[in-house]
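Chain A is the first sequence line, chain B the second, and so forth, proteins listed ahead of strands; every chain is numbered from 1. Because only heavy atoms are used, hydrogens play no part in the values below, and waters and symmetry mates are left out as well, while side chains stay in.
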There are 4 protein chains.
Amino acid sequence: MYEKIKYRVYDILVETDDGELIDRIVAVFLMLLILINAVAVVLETVDEYSAAYGSLFHAIEIVSVTIFTVEYLLRLWVAPLNPQYAGRFGRLRYAFSLMALIDLLAILPTFLPMIFTMDLRILRFIRTFRLFRLFKLSRYVESLDKVDDVIVSKKEELLVTLVMISMLLLFSSSLMYLVENEAQADKFPHIPAAMWWGVATLTTVGYGDIFPITPLGKILGAFIALLGIGMFALPAGILASGFAEELSKRRRKDGECCCPNCGCDLSADFEKKTK
Amino acid sequence: MYEKIKYRVYDILVETDDGELIDRIVAVFLMLLILINAVAVVLETVDEYSAAYGSLFHAIEIVSVTIFTVEYLLRLWVAPLNPQYAGRFGRLRYAFSLMALIDLLAILPTFLPMIFTMDLRILRFIRTFRLFRLFKLSRYVESLDKVDDVIVSKKEELLVTLVMISMLLLFSSSLMYLVENEAQADKFPHIPAAMWWGVATLTTVGYGDIFPITPLGKILGAFIALLGIGMFALPAGILASGFAEELSKRRRKDGECCCPNCGCDLSADFEKKTK
Amino acid sequence: MYEKIKYRVYDILVETDDGELIDRIVAVFLMLLILINAVAVVLETVDEYSAAYGSLFHAIEIVSVTIFTVEYLLRLWVAPLNPQYAGRFGRLRYAFSLMALIDLLAILPTFLPMIFTMDLRILRFIRTFRLFRLFKLSRYVESLDKVDDVIVSKKEELLVTLVMISMLLLFSSSLMYLVENEAQADKFPHIPAAMWWGVATLTTVGYGDIFPITPLGKILGAFIALLGIGMFALPAGILASGFAEELSKRRRKDGECCCPNCGCDLSADFEKKTK
Amino acid sequence: MYEKIKYRVYDILVETDDGELIDRIVAVFLMLLILINAVAVVLETVDEYSAAYGSLFHAIEIVSVTIFTVEYLLRLWVAPLNPQYAGRFGRLRYAFSLMALIDLLAILPTFLPMIFTMDLRILRFIRTFRLFRLFKLSRYVESLDKVDDVIVSKKEELLVTLVMISMLLLFSSSLMYLVENEAQADKFPHIPAAMWWGVATLTTVGYGDIFPITPLGKILGAFIALLGIGMFALPAGILASGFAEELSKRRRKDGECCCPNCGCDLSADFEKKTK
């Protein structure tokens, strides 16, 4: 009986691929709960709402944390049924897996203030930290892997882009500091201030709180802004080739050596032709 | 005679591929009418124009809605001649097709205020809703499908990008709220306000109405702005591989197993070589 | 003798591929003259410079227009030597070619005010029009074709993108007008004003002269700004696949059916293998 | 003994591929020193920090420049061990290689003020120039080549894009100057001022310090802003096809004629099939 319930729980919470109705209901229910939580955390910071619906927010919190705690404990309980976490220290290994840690961090912000006394500022930080619950959603977003894989496979090139961007930022900001410092000592007092301008310009955000006013500064700023275009073009180009490669790899796994244009099986074709 | 006219109408309005002159005249006339309508709706909101050319705008509206109503009824009348809508309930099934609904929604904003009494605000909303007529144009833009197909074929990856962007937005805005709330209580009073900053920064719009002023806030803002670059790079990369795939699929339909580089027929080539 | 000079001029001005030193000197000289002209037109509008170096600017203009006129007449004179413009009306056909018209438009702004009397405003417009001389440069930028070809080959998809952007702009601006008109009657008095906001937001320029202030307007604005990301992603994706295709086509012209990955000659490879 | 030490130094400083622990320690130490230097140069410009930690910054500078000088001399000493710089004038040829010049420029800013007397302004410029030390890092970023190669291989197309952008900038700015000059003589007094607007708009930075206010200027500005989208799309598309090509070339070097989709060896496959 005990084992039967354990298998049933494992089936519902972990083995969600078999398309049972109950699996989907539980999944949708948990997803909705996570989203409601995020909305509550965000709206709670608005004074009007926290005054008017304070008790509602509190109720959502109590219910959510109870359910998430039960979910966490259940997942820990049934973990050894997963072949990956079977055997010695299986439950412990599961507890240190990424998803289990996310589940734990999702409930900690509620329990921590009960144990330790905290000043208001840290308390507010911890309350906001409940947004971390959103990461629990990653369990349900399947295509996340596809996009993730591409980013990981191109991490070297993306890193180089980041290094190039950082150096471009450092040099252009320092130059702008040298050029504008005298004319606008209040806006460009030192290089870190100029870097705030540099980020706003290279990312093309351009808040407009700080910009060059001297002719030389404007000419320099114009060139830097034009160089900033490459900052979007480089990662876009890298990721485009990454997604194209990923597609090829997935086809390869399917065991077919197929024509890249028409998708037909080249090998089969050759066999026919050469007979 | 009756049937002959029906076929002729069907030929002119629906079967526009045979390149008859009358087909094209009707199509161009309807397209122009749609565009004139859009311009009229936009300009009518300018007080000067609505005062000076009020009667002209009214005339355009009366003429347009008459023609669009006749067009709608004619299309409904001849719908069963289309094999897709032949047989039982054919006309009803057509009436619920996307293009028929668009045609209906294009004339409704004129008829609704005649039937129901409405306050001015809703009336203005409904008047603006006439812009919906622009969607009637989609009947004439053939390449729309190509672009549409690519977006649809990559909808999973684009959705994941949207999820990643949403989470990035939520986390960065919440962090910025925690950091800037004390220094700028009027600009960052709660997380939703910080999210307005987050959107303006991540999309690189940067109106400049709200931005961090504390050193920590600026450092955080700089990192978030740099991360925002990925928001453009990811969908661009996804769509680039999507357009490349689409091209392959179209070639495949042409029944050729062709070399991806030179377009020549590989199979034919092999045949020749292996003989 | 006369014919010999004519051939020599044709050789120097038109047949620049044979890499003679004199060809290159003439080309570089003309390019420099074009660039100096552009700089002069730009700097002449600055009052200080036009006061201080007025006579220099005048001298540049006189010299340039003389040389460009001689160049135009010489090109017209030798045009029939080009097989493309040989035979009847050859010179006339050349005179109406794109490059000849550009050459003509480059010198017209100087001659027109001599013939017609003009008020100051139009005169200033015509003076600025001398920038048109820059288009003469396109004769010397060879790779321009490559980029041009890609844009032309993808013009359908790019047009669809433009249509989608226009409709997105029209709808989002109209919605924003309905939402913000009451709160900011001075900033969103009519749809055209809202469209100025729409362009600034969808292109992520974000001057900050106009933006929503109501909560509903900000939510709407946030969604529109996020949609605006697609405006960069779509054309980038389209052009990426366009450049990839172009590369294939050029290889095809080289007469090789080559492996898309390694560039080696597949056909030759097969021949060897199947012997 | 002398030769042995020389070989050992060469082994540690130059031949870093053999994965010895000491190699990596030296590399990481030098990298950290470079980064500490950059941070010091940036923070030193903040008055508070330079007042509080002035002696620390001075100490970092003395230590760094000593180490970098020793590094430079050691590299010069062992250069002839590198086959590339063996033989006559080997050391001289090394001294004029890019990396050696970077190493030299990294220490010059400290030695120059010792030799020449300089006014404060140039001194500050030279002090900031120490940021140049960051380029020493390029020795350690291996993937830099990959990204670099792509940019170099596509330099023609990227140059054309730059030319197109420059011409678009010049024409749109001149037009805007003609349109807005009368209404905003203080913001658009001449074309160079209008070009500052043009850059801010085409790069979508949009500081908001200058923008059109007349209806005609806004319509023109809207079209220019929309055209600016292409400025991101073109280089992104070019680089995307560049990265795809690069990948092919690298595979080609591996000597395999492989299927672009599955990566399997086509030649081997054919051999098997045709036997």
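Remark: aromatic rings of D:Tyr177 and D:Phe188 are distant, center separation not under 6.0 Å.
Contact of A:Ala244 with chain D is not made at all, since no heavy-atom distance falls under 4.5 Å. Proximity to chain A involves both the backbone and the side chain of D:Phe135, based on heavy atoms less than 4.5 angstrom apart. Both the backbone and the side chain of D:Val42 come within contact range of chain A, with heavy atoms under 4.5 Å apart. Contact of D:Val205 with chain A is made through backbone and side chain together, with heavy-atom distances under 4.5 Å. Proximity to chain D (any heavy atom under 4.5 Å) is restricted, for A:Pro189, to the backbone atoms N, CA, C and O. Proximity to chain D is absent for every atom of A:Ile213, based on heavy atoms less than 4.5 angstrom apart. Looking at A:Pro212, both its backbone and its side chain come within 4.5 Å of chain D, counting heavy atoms on both sides. For A:Asp209, no part lies under 4.5 angstrom from a heavy atom of chain D. A:Ala233 touches chain D through backbone and side chain together, each having a heavy atom under 4.5 Å away. Looking at D:Thr128, the atoms closer than 4.5 Å to chain A (heavy atoms on both sides) all sit in the side chain, from C-beta outward. Proximity to chain A is absent for every atom of D:Leu137, based on heavy atoms less than 4.5 angstrom apart. Neither the backbone nor the side chain of D:Ala200 comes within contact range of chain A, judged by heavy atoms closer than 4.5 Å. Only the side chain of D:Ile151 has a heavy atom closer than 4.5 Å to any heavy atom of chain A.
Under a 4.0 Å N-O distance rule, the pair D:Glu61/D:Arg133 qualifies as a salt bridge. With respect to D:Arg139 and D:Asp103, a salt bridge is recorded, a charged nitrogen being found less than 4.0 Å from a carboxylate O.
Most heavy-atom pairs under 4.5 Å with chain A: of the set D:Gly242, D:Gly237, D:Ala236, D:Ser138, this distinction falls to D:Ala236. Highest contact tally toward chain A, considering only D:Val41, D:Leu169, D:Thr45, is held by D:Thr45 [criterion: heavy-atom pairs under 4.5 Å]. With respect to chain A, the highest number of heavy-atom pairs below 4.5 Å among D:Glu44, D:Met195, D:Met231, D:Arg124 belongs to D:Arg124.
Taking 4.5 Å as the limit, some side-chain heavy atom of A:Phe171 sits within range of a side-chain heavy atom of A:Met167.
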